[in-house]
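One structure is given here, and the rest of the page talks about it.
Quick note: numbers below take in every heavy atom, side chains included, and nothing from hydrogens, waters or symmetry partners.
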Amino acid sequence: VVGTHRDKENECSEKKKDKDIIIKQVACLVKKNQDESIWDVNGKEPNSYDQEVANELRRAIVDHCIEDTRLLPIKWFVLEMQITSSAEKGVLSLSSCLVLAQRLGIDELGLESVLLHMVKCNLFLWYHKVPILRDVVISDPQVILKVITDLVECKHNLAALGAAG
């Protein structure tokens with residue numbers, strides 16, 4: 001869903017839509033698997049109309065788009081919390097995760113299911129198909145960003161030193 005800027009209003013051919021049309025369009029988008037539509041909405045400085053449209057879009061998306069609700073076993077949720085709290089600097093070994101899982105009665109195959117679900121939900125990073133990284137579970141994706149940032153800064157600093165020397 002894309003909101004346009006009010007300052008580009010005369011460039012936008014879309015006319016203001018009432019609530020029923022918005023709900024029907026969102027439902028139609030879901031059924032047709034289209035991935036975008038344009039509404040004339042100012043998200044930066046919304047007026048009462050913009051807020052109303054945004055609220056209706058939000059409600060329509062929740063009502064019509066989120067059909068795949070799944071209940072998770074409470075053990076999975078507990079394991080997620082334990083992995084997150086046990087991970088030193090946001091990283092935990094797969095064997096440590098297995099110890100935590102076994103305390104909850106989850107075996108190795110169950111742990112793999114939990115981790116794959118957490119990866120799918122973007123809660124964890126686990127590169128199970130990469131042999132060298134299979135034993136690493138990252139519960140805080142910021143760790144990866146920090147490492148990459150440090151590498152870029154280091155390379156930049158080395159290049160600056162080489163140019164100065």
Side-chain angles (χ1 to χ4, degrees), residues 1-5 22-23 25-39 41-46 50-161:
V1 176
V2 178
T4 63
H5 291 280
I22 292 170
I23 291 170
Q25 283 186 331
V26 170
C28 182
L29 290 174
V30 173
K31 288 178 184 169
K32 291 183 178 180
N33 289 325
Q34 294 177 349
D35 56 5
E36 70 179 17
S37 186
I38 298 176
W39 282 272
V41 175
N42 184 343
K44 197 169 188 180
E45 296 175 10
D50 297 325
Q51 290 173 344
E52 184 180 338
V53 170
N55 287 336
E56 288 303 318
L57 280 170
R58 207 173 290 117
R59 273 190 225 107
I61 289 169
V62 168
D63 292 346
H64 298 283
C65 298
I66 305 175
E67 297 174 2
D68 189 20
T69 307
R70 296 181 185 166
L71 295 176
L72 290 179
I74 191 73
K75 290 179 181 182
W76 287 27
F77 177 72
V78 172
L79 182 58
E80 175 202 345
M81 300 303 291
Q82 288 182 348
I83 289 172
T84 301
S85 64
S86 298
E88 187 177 321
K89 296 183 180 180
V91 178
L92 199 62
S93 71
L94 186 60
S95 57
S96 296
C97 291
L98 183 57
V99 169
L100 294 172
Q102 288 173 335
R103 290 182 191 158
L104 295 169
I106 300 172
D107 63 8
E108 191 170 349
L109 187 58
L111 173 62
E112 187 168 317
S113 296
V114 173
L115 291 175
L116 290 173
H117 176 77
M118 297 304 165
V119 167
K120 185 177 179 183
C121 293
N122 295 318
L123 296 171
F124 292 166
L125 296 174
W126 180 47
Y127 299 98
H128 64 285
K129 293 182 180 178
V130 180
I132 196 166
L133 296 175
R134 181 169 170 74
D135 190 47
V136 179
V137 176
I138 301 168
S139 64
D140 181 7
Q142 280 297 118
V143 169
I144 296 292
L145 293 174
K146 171 89 172 96
V147 169
I148 292 170
T149 301
D150 290 348
L151 286 171
V152 169
E153 286 177 357
C154 182
K155 183 175 180 175
H156 178 72
N157 290 339
L158 287 175
L161 286 173

Backbone N or O of Ile138 within a donor-acceptor pair of the Trp126 side chain at under 3.5 Å?
no

Over all heavy atoms of both residues, which pair between Asp107 and Gly110 is shortest? Give the atoms and the distance, please.
OD1-N, 2.7 Å

Kindly compute the distance separating OG (Ser139) from CE (Met81), expressed to the nearest 0.5 Å.
11.0 Å

Nearest non-hydrogen partners of Leu100 and Ser86, listed with the distance
CD1-OG, 3.9 Å

Ser95 and Asp135: which non-hydrogen atoms are nearest, and at how many Å?
N-OD1, 3.5 Å

For Leu123 and Thr84, run side chain to side chain contact (heavy atoms under 4.5 Å, CB included): C-alpha distance rounded to whole Å, both residues' side-chain angles, the deciding distance at 0.1 Å, then the answer.
CA-CA 10 Å; Leu123 296 171; Thr84 301; over 6 Å; no

Is it true that, when you exclude Leu145 itself, more than 12 heavy atoms of the residues, nucleotides or ligands shown sit nearer than 6.0 Å to its CG?
yes

Could you measure the distance from the CD1 atom of Ile144 to the OG1 atom of Thr149? Nearest 0.5 Å is fine.
11.0 Å

Closest non-hydrogen atom pair, Val137 against Leu94:
CG2-CD1, 4.2 Å

Around Gln142, counting heavy atoms of other residues, nucleotides and ligands shown, do more than 12 lie under 6.0 Å from its CD?
no

Less than 4.0 Å between a side-chain N and a carboxylate O, is that true for Lys146 and Glu153?
no

Between Glu108 and Leu98, the two heavy atoms sitting closest are CA-CD1, 3.7 Å

Atom CE of Met118 and atom CD of Glu80: how far apart are they, to the nearest 0.5 Å?
4.5 Å

How many angstroms lie between CD1 in Ile83 and SG in Cys97, if you round to the nearest 0.5 Å?
4.0 Å

When rounded to the nearest 0.5 angstrom, what is the spacing between CG in Asn122 and CG in Leu125?
8.0 Å

Partner residues of Val78 under the side chain to side chain contact (heavy atoms under 4.5 Å, CB included) criterion, sequence neighbours left out:
Ile74, Gln82, Leu104

How close do Trp76 and His117 get, heavy atom to heavy atom, and via which atoms?
CZ3-CB, 3.7 Å

